[in-house]
Amino acid sequence: MPALASTRKPNDSTTVVSPMTKVLIPGSFDPLHLGHIDVVDQAVELFGDVVLGVLVNFEKPSGLFSPDERVALARASLSERPTVTVQAFGGLAVQAAAEVGAEFIVKGLRTPNDFDIEQQMAHMNHSVTGIRTVFLPCRSDLGFISSRFIREIATNGEAIDHLVAAPVAVALADRFAGRSNE
Ligand code: PNS
């Protein structure tokens with residue numbers, strides 16, 4: 001029987017098939033939250049080299065934080081992960097993937113609803129450049145988190161510190177200081 005390409009054993013938690021593979025995780029990240037970070041960590045474990053791409057979702061072009069602010073907050077939140085870089089891109093996800101030399105696009109899935117649109121985008125992206133998308137299930141205890149609801153809750157002065165990394169919590173507190181139940 002031929003040897004397996006991976007040396008993974010049943011309970012190995014962090015066995016990466018070598019060599020490192022570069023993947024792109026595209027998203028709005030307005031702002032980055034703990035669900036996103038879980039997907040980043042899974043991608044690091046599986047592939048090694050991760051580019052988090054801050055892209056424009058043309059259905060929600062304006063946001064709470066500017067693209068530069070989102071990049072700065074994501075960099076600060078992911079600074080202890082040496083194989084993760086964060087970059088803003090202006091065009092398509094497939095163009096961003098080509099620019100950085102990513103072999104795959106990686107997307108996190110929270111719910112079955114996420115799958116519908118993500119599957120369509122994966123097929124669209126594959127039809128344009130041939131790039132494949134790999135879906136990773138979000139950790140079950142983090143799957144309820146969404147950037148939209150974080151924005152809504154923080155805007156109205158309630159705490160979201162348990163849902164985001166410290167740099168994002170500080171930025172949201174600064175942005176909405178004094179708005180608690182006003
Ligand atoms: O975090 P989001 O808003 O769900 O991310 C969506 C995003 C930014 C990944 C998606 O809108 C995207 O890929 N935008 C770039 C433009 C693009 O590639 N459009 C074609 C999609 S098939």
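All ligand and atom numbering here is 1-based and tracks the order in the structure.
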At less than 3.5 Å, what protein N or O atoms come close to the N or O atoms of ligand 1? Include the distances to 0.1 Å.
unit_1: ligand 1; atom_1: 1 (O); unit_2: Ser28; atom_2: N; d: 2.9
unit_1: ligand 1; atom_1: 3 (O); unit_2: Ser28; atom_2: OG; d: 2.5
unit_1: ligand 1; atom_1: 3 (O); unit_2: Asn57; atom_2: ND2; d: 2.9
unit_1: ligand 1; atom_1: 3 (O); unit_2: Lys60; atom_2: NZ; d: 3.0
unit_1: ligand 1; atom_1: 14 (N); unit_2: Val56; atom_2: O; d: 3.1
unit_1: ligand 1; atom_1: 18 (O); unit_2: Ala93; atom_2: N; d: 2.9

Do Arg148 and Asp30 meet the salt-bridge criterion of a basic N to acidic O distance under 4.0 Å? no
Here the pair of heavy atoms bringing His36 nearest to Pro31 is CE1-O, 3.7 Å
State which residues pass side chain to side chain donor-acceptor pair (under 3.5 Å) with Asp49; sequence neighbours excluded, sorted by chain then number. none
Name each donor-acceptor pair under 3.5 Å that joins a side chain in residues 132-145 to protein atoms two or more places apart or in another chain, with its distance.
unit_1: Arg132; atom_1: NH1; unit_2: His126; atom_2: NE2; d: 3.3
unit_1: Arg132; atom_1: NH2; unit_2: His126; atom_2: NE2; d: 3.4
unit_1: Arg139; atom_1: NE; unit_2: Asp141; atom_2: OD1; d: 2.8
unit_1: Arg139; atom_1: NH2; unit_2: Asp141; atom_2: OD2; d: 2.9

Any pair with a residue in residues 101-121 that passes side-chain hydrogen bond (donor to acceptor under 3.5 Å, both in side chains), sequence neighbours left out, goes on the list, sorted by first then second residue, please. Lys107-Glu118, Arg110-Asp114
Considering only heavy atoms from C-beta outward, does the side chain of Ile150 approach that of Leu172 to under 4.5 Å? yes
